[in-house]
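Written below as structure tokens is the structure these notes are about.
Labels below follow one simple rule: chain letters A, B, ... track the order of the sequence lines, proteins then strands, and each chain is numbered from 1.
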Amino acid sequence: MAEQKGKQSAGGKDNNKITSRAENYSDWYLDIVHRAGLAENSDVRGCMVIKPQGYALWEKMQLGLDGMFKETGHRNAYFPLFIPKSYFAKEEQMAEGFAKECAVVTHYRLKSDPTHGIIVDPEAKLEEELIIRPTSETIIWNTYRNWIQSYRDLPILINQWANVVRWEMRTRLFLRTAEFLWQEGHTAHATQIEAEQETQQMVDIYRRFAEEWMAMPVLVGPKSEGQKFPGAVYTLCIEAMMQDGRALQAGTSHFLGQNFAKAFDVTFQNEKAQREHPWATSWGVSTRLIGGLIMTHSDDTGLVLPPRLAPIQVVIVPLGKNETERAPVIEAAKQLQQTLRSLPRQEFFGYQSIQAVIDDDYQKSPGFRFAEWELRGIPVRVEIGPKDMENKTCVLARRDQPGKEGKQMGIPLTGAADAIVGLLHQIQTNLFERAKKFRDSNLFYADTYDDFKKQIESPGFIWAHWDGTRETEEKIAEETKATIRCIPFNRPSEPGKCMVTGKPSAGRVIFARSY
RNA sequence: CGGGGCGUAGCGCAGUUUGGUUAGCGCGCCUGCCUUGGGAGCAGGAGGUCGGCAGUUCGAAUCUGCCCGCCCCGACCA
């Protein structure tokens, strides 16, 4: 009896399968991250290990973004991880905003102790504590003070790729971790208008990157007062809808006014020999984008990668029962791999050659190998077997249509490389269109607060009128857990009345529950 | 930090209520045979201080206390 019970219950959950989205969205997400080998939790609370497959995605993101930053005149630099507490305190709004989640270094030495092993040396207390950067405005503007004397020194257009630490209570791989990787741009300008143009330009770069590389449609526009970056005059954002209908802030670009220049006493002389404070921006996206990528495209079969972001675009799976069958198949696979690799480089792939791998692990059954590569999200799979060799053809399978549905048989090997490139472009477009369609079909309207409360219980974003005050937004957040995600630039011009207070509203804004 | 749940092999779990010899199962892993157009099969094998510490007991995965960690729900957040 006991044995039988054990047998039945053991493995009750098939750990070979991915939890379906319908069953448990959050388990589905974690299954994808784990099974596709992107990342895992480390022993350090709240911190993840980004594994090679996951890091490769980040590298492709860096490739795409860094290129766009450079094209617009930015240069990379690196500033310290540690920020003296006094610097941090200088910009009040920001210090307050991040105070609750700062890691602080208080000592600089350990020593061995007979009873406790290694201990913090109480003699080695720092005179001034160091904050581990949650963001770098303060240390950078403290540095800019020395770099900026004249209007001729401006603009300063700097970006840094770095890690930051925000001590979060609850973490989720990629979406919210205590330490994460990001880029932060920090610019200084002679005029307000130029800084505001920069803020706009950078959010537009984020939009382009999200849409063109990640195939992730986004809403673009300012945040509400309540949601903006502490220390910013205003914050522009790109906001995406995940497949569970929740919002993900995917990137932000801040107009900082002269706040940091004043806090750090940064001035320059203009053409008329007058002293002025420069105008600032900062902007960033993080490894959170990987979470957004997963939750935008992936399905119950596994990860789905848009071709422009996929570190490997093509996998070739040779088939065959024995050496005699396999030899010519392998030869054809190698030729195709070589042809793909030597195609003219396209901007579409970041001017990198198309990466194709051959999976000739015959120990694994064909079905196993097909499933495995689908799980890992490779956009195109090529199957070549003995039957194909008779006709000099192959089979192409597209990841955006998993299983047998996405297969095209009888593709001539001679034209296969071109067909694959075409397919990669198609997949990229299809993924974007599909995600956009999903997003748009989950945009709802609410005119009364009652309707809003009802609608917010279902997935999706809601267009609603709001009186523009922080109090009303807070009340809504408290009562419905929804916040204003974005005030889209392209919103229809439609004055109305706030659904809560009845006060006038200039136009609808986007509400949603968010990550 | 409040409420709930859980720590047993790399992963997923049974066993704990009612203490009793060498702690089981599925997947994965290793060896061999066999097989290959959608997650194959057979045979053999390796792998555990049962989260930690202290206690109760002739005897603890199982009972008691303390501690640590993880997950979910809240408060907070890119």
> What residues form a side chain to side chain donor-acceptor pair (under 3.5 Å) with A:Asn24, not counting sequence neighbours?
Replying inline: A:Asp27
>> The criterion is side chain to side chain contact (heavy atoms under 4.5 Å, CB included); which residues satisfy it with A:Val233, sequence neighbours excluded?
In response: A:Phe255, A:Asn259
>> Rounded to whole Å, how long is the line connecting atom NZ of A:Lys100 with atom C1' of B:rC1?
In response: 14 Å
>> I'd like to check the side chain to side chain donor-acceptor pair (under 3.5 Å) partners of A:Thr235; sequence neighbours left out, ordered by chain and number.
In response: A:His254
>> Just the rounded figure in Å: distance from P of B:rG69 to CE of A:Met169.
In response: 14 Å
> If we ignore angles and hydrogens, is there a donor and acceptor under 3.5 Å between the side chains of A:Tyr362 and A:Asn322?
Replying inline: no
>> Measure CH2/A:Trp167 against P/B:rC76 and give the value in whole Å, please.
In response: 21 Å
> Between A:Ile411 (CD1) and B:rG37 (P), how many Å, whole number?
Replying inline: 21 Å
> If you find the nucleotide of RNA chain B closest to A:Gly46 and the one closest to A:Thr177, which residue's nucleotide is nearer the 5' end?
Replying inline: A:Gly46
> By side chain to side chain donor-acceptor pair (under 3.5 Å), which residues pair with A:Gln201, not counting sequence neighbours?
Replying inline: A:Glu198
>> Using the side-chain heavy atoms of A:Lys364, tell me which of these nucleotides is nearest: B:rC29, B:rG37, B:rC72.
In response: B:rC29
> Which parts of residues 227-235 of chain A get close to RNA chain B, meaning a heavy atom less than 4.0 angstrom away?
Replying inline: none
>> With a cut-off of less than 4.0 Å, is there a side-chain N or O of A:Lys481 near OP1 or OP2 of B:rG74?
In response: yes
> Can you find a side-chain donor-acceptor pair between A:Ser26 and A:Trp28 that sits under 3.5 Å?
Replying inline: no
> Can you check the A:Lys321 NZ to B:rA40 P distance for me, whole Å?
Replying inline: 15 Å
> Within the structure shown, what part of the strands sits under 4.0 Å from A:Thr301 by heavy-atom distance: base, sugar-phosphate, or nothing?
Replying inline: nothing
> How would you label the contact of A:Glu325 with the nucleic acid (heavy atoms, under 4.0 Å): base, sugar-phosphate, or nothing?
Replying inline: nothing
> For the side chain of A:Gln363, counting heavy atoms from C-beta on, which of B:rC34, B:rC72, B:rG39 is nearest?
Replying inline: B:rC34
>> Under 4.0 Å, heavy atom to any atom of RNA chain B: which of residues 385-405 of chain A qualify?
In response: A:Gly385, A:Pro386, A:Lys387, A:Asp388, A:Val395, A:Gly403, A:Lys404
>> What contact category does A:Leu175 fall into here, base, sugar-phosphate, or nothing, at under 4.0 angstrom with non-hydrogen atoms?
In response: base
> Of all the nucleotides listed (B:rC72, B:rC71, B:rG39), which has the minimum atom distance to the side chain of A:Asn41?
Replying inline: B:rC71
> Got a sec, which residues hit side chain to side chain donor-acceptor pair (under 3.5 Å) with A:Arg376, two or more places apart in sequence or on another chain?
Replying inline: none
> Which nucleotide, in any strand shown, forms a Watson-Crick or G-U wobble pair with B:rC53, with both distances under 3.5 Å?
Replying inline: B:rG65
>> What is the separation between atom CG on A:Asp300 and atom C1' on B:rG39, rounded to the nearest whole Å?
In response: 16 Å
> Picking from B:rC34, B:rC73, B:rC76, which would you name as closest to the side chain of A:Arg170?
Replying inline: B:rC73
> Base, sugar-phosphate, or nothing: which does A:Tyr515 touch, judged by heavy atoms less than 4.0 Å apart?
Replying inline: nothing
>> From C-beta outward on A:Lys407, which listed nucleotide comes closest to its side chain: B:rG38, B:rG39, B:rC76?
In response: B:rG38
> For the side chain of A:Glu374 and the base of B:rG38, is some donor closer than 3.5 Å to an acceptor across the two?
Replying inline: yes
> Would you say the side-chain atoms of A:Ser136 and A:Gln160 include a donor-acceptor pair closer than 3.5 Å?
Replying inline: yes
> A:Gln426: what forms a side chain to side chain contact (heavy atoms under 4.5 Å, CB included) with it, not counting sequence neighbours?
Replying inline: A:Arg398, A:Leu423
> Considering only B:rG39, B:rG37, B:rG69, which nucleotide approaches the side chain of A:Arg45 most closely?
Replying inline: B:rG69
> B:rG12 P sits how many Å from A:Arg35 CZ, rounded?
Replying inline: 12 Å
> Base, sugar-phosphate alone, or nothing: which one does A:Gln249 contact when heavy atoms must sit under 4.0 Å apart?
Replying inline: sugar-phosphate
> Does any N or O donor sit under 3.5 Å from an N or O acceptor when you compare the side chain of A:Arg381 with the base of B:rG38?
Replying inline: yes
>> Return the pairing partner of B:rC1 with a 3.5 Å limit on both distances, Watson-Crick or G-U wobble; otherwise return none.
In response: B:rG74
Can you give the donor-acceptor pairs under 3.5 Å from side chains of residues 46-64 of chain A to other protein atoms, not counting sequence neighbours?
| from | atom 1 | to | atom 2 | distance (Å) |
| --- | --- | --- | --- | --- |
| A:Lys51 | NZ | A:Glu40 | OE1 | 3.4 |
| A:Lys60 | NZ | A:Ala310 | O | 3.3 |

>> Please report the distance, rounded to the nearest Å, between CD in A:Glu479 and C1' in B:rG74.
In response: 17 Å
>> If you compare all heavy atoms of A:Val218 against all heavy atoms of A:Ala210, which two are closest, and at what distance to 0.1 Å?
In response: CG1-CB, 3.9 Å
>> Does the structure show a Watson-Crick or G-U wobble partner for B:rC25, both distances under 3.5 Å? Name it, or say none.
In response: B:rG12
>> Looking at B:rC42, which nucleotide sits across from it as a Watson-Crick or G-U wobble partner, both distances under 3.5 angstrom, or is there none?
In response: B:rG32
